[in-house]
Amino acid sequence: MWLYEKKLQYPVKVSKCDPMMAKFLVEQYGGADGELAAALRYLNQRYTIPDKVIGVLNDIGTEEFAHLEMIATMIYKLTKDATPEQLREAGLGTDFVNHGGDLFYNSAAGVPWTATYIAAKGDPLANLYEDIAAEEKARATYQWLIDYTDDVDLQDSLKFLREREIVHAMRFRESVEIIKADMGQKKIY
Ligand SMILES: [Fe+2]
């Protein structure tokens with residue numbers, strides 16, 4: 001059960017129309033290491049994870065949806081004043097023709113989102129290591145995005161998201177240690 005709070009987790013400001021940057025940001029909307037994949041990956045893993053760490057998956061999976069909202073807001077603000085010509089020049093012409101102003105779950109290269117992005121191995125440690133890797137990949141992607149823009153307002157929001165990925169990776173690492181300690185206690189020689 002979720003309660004919806006009608007505000008973004010962190011403010012999103014952009015200082016200029018930049019459809020090319022919007023195209024790159026789509027990677028974090030519907031790409032392999034994007035926010036949709038993260039949210040669905042963690043929330044789906046809750047049903048087999050030991051009770052001690054289920055809250056971590058709940059918290060982070062939910063927060064990833066808040067990040068998805070932030071990415072969508074960035075893309076909207078970066079493109080809302082763009083002309084069809086500017087969208088075409090940024091490589092968003094086919095998106096515009098197909099979806100109008102709506103977003104679609106695909107990568108920056110236009111590959112549709114797929115459930116194969118989501119690890120579900122039925123083994124808590126295997127799943128958590130996958131989660132740590134996913135967070136590190138998301139952190140790296142945010143770094144490339146920060147490097148790609150000179151818009152300090154956009155950079156500020158992206159830096160917030162990058163920092164959250166670092167915190168998520170740390171919490172998953174802690175969960176691995178908790179599960180390993182529990183496994184060690186159950187050994188009978
Ligand atoms: Fe994350």
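All heavy atoms count here, side chains included; hydrogens, waters and symmetry mates do not. One-based numbering, in listed order, for ligands and for the atoms of each.
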Query - Under the side chain to side chain donor-acceptor pair (under 3.5 Å) test, residues paired with E64 that sit two or more places apart - result: H67, H168
Report task. Under 2.8 Å from the Fe ion (ligand 1), which protein N, O or S atoms are there? Could you list them by chain and number? Result ->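 Listed by chain and number, the nearby protein N, O or S atoms are E64 OE2, E135 OE1, E135 OE2, E165 OE1, H168 ND1.
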Query raised in the report: Regarding E63 and Q9, is there a side-chain donor-to-acceptor distance under 3.5 Å anywhere?
Result: yes
Query raised in the report: Between R173 and E135, is there a salt bridge with N-O shorter than 4.0 Å?
Result: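 No salt bridge links E135 with R173.
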Requested in this report: Decide, yes or no, whether a salt bridge links E85 with R88 under the criterion of side-chain N to carboxylate O below 4.0 Å.
Outcome: yes
Query raised in the report: What do you reckon, is CZ of F65 surrounded by more than 12 foreign heavy atoms closer than 6.0 Å?
Result: yes
Query raised in the report: Counting only N and O atoms by type, is there a donor-acceptor contact under 3.5 Å from the side chain of S15 to the main-chain atoms of L154?
Result: no
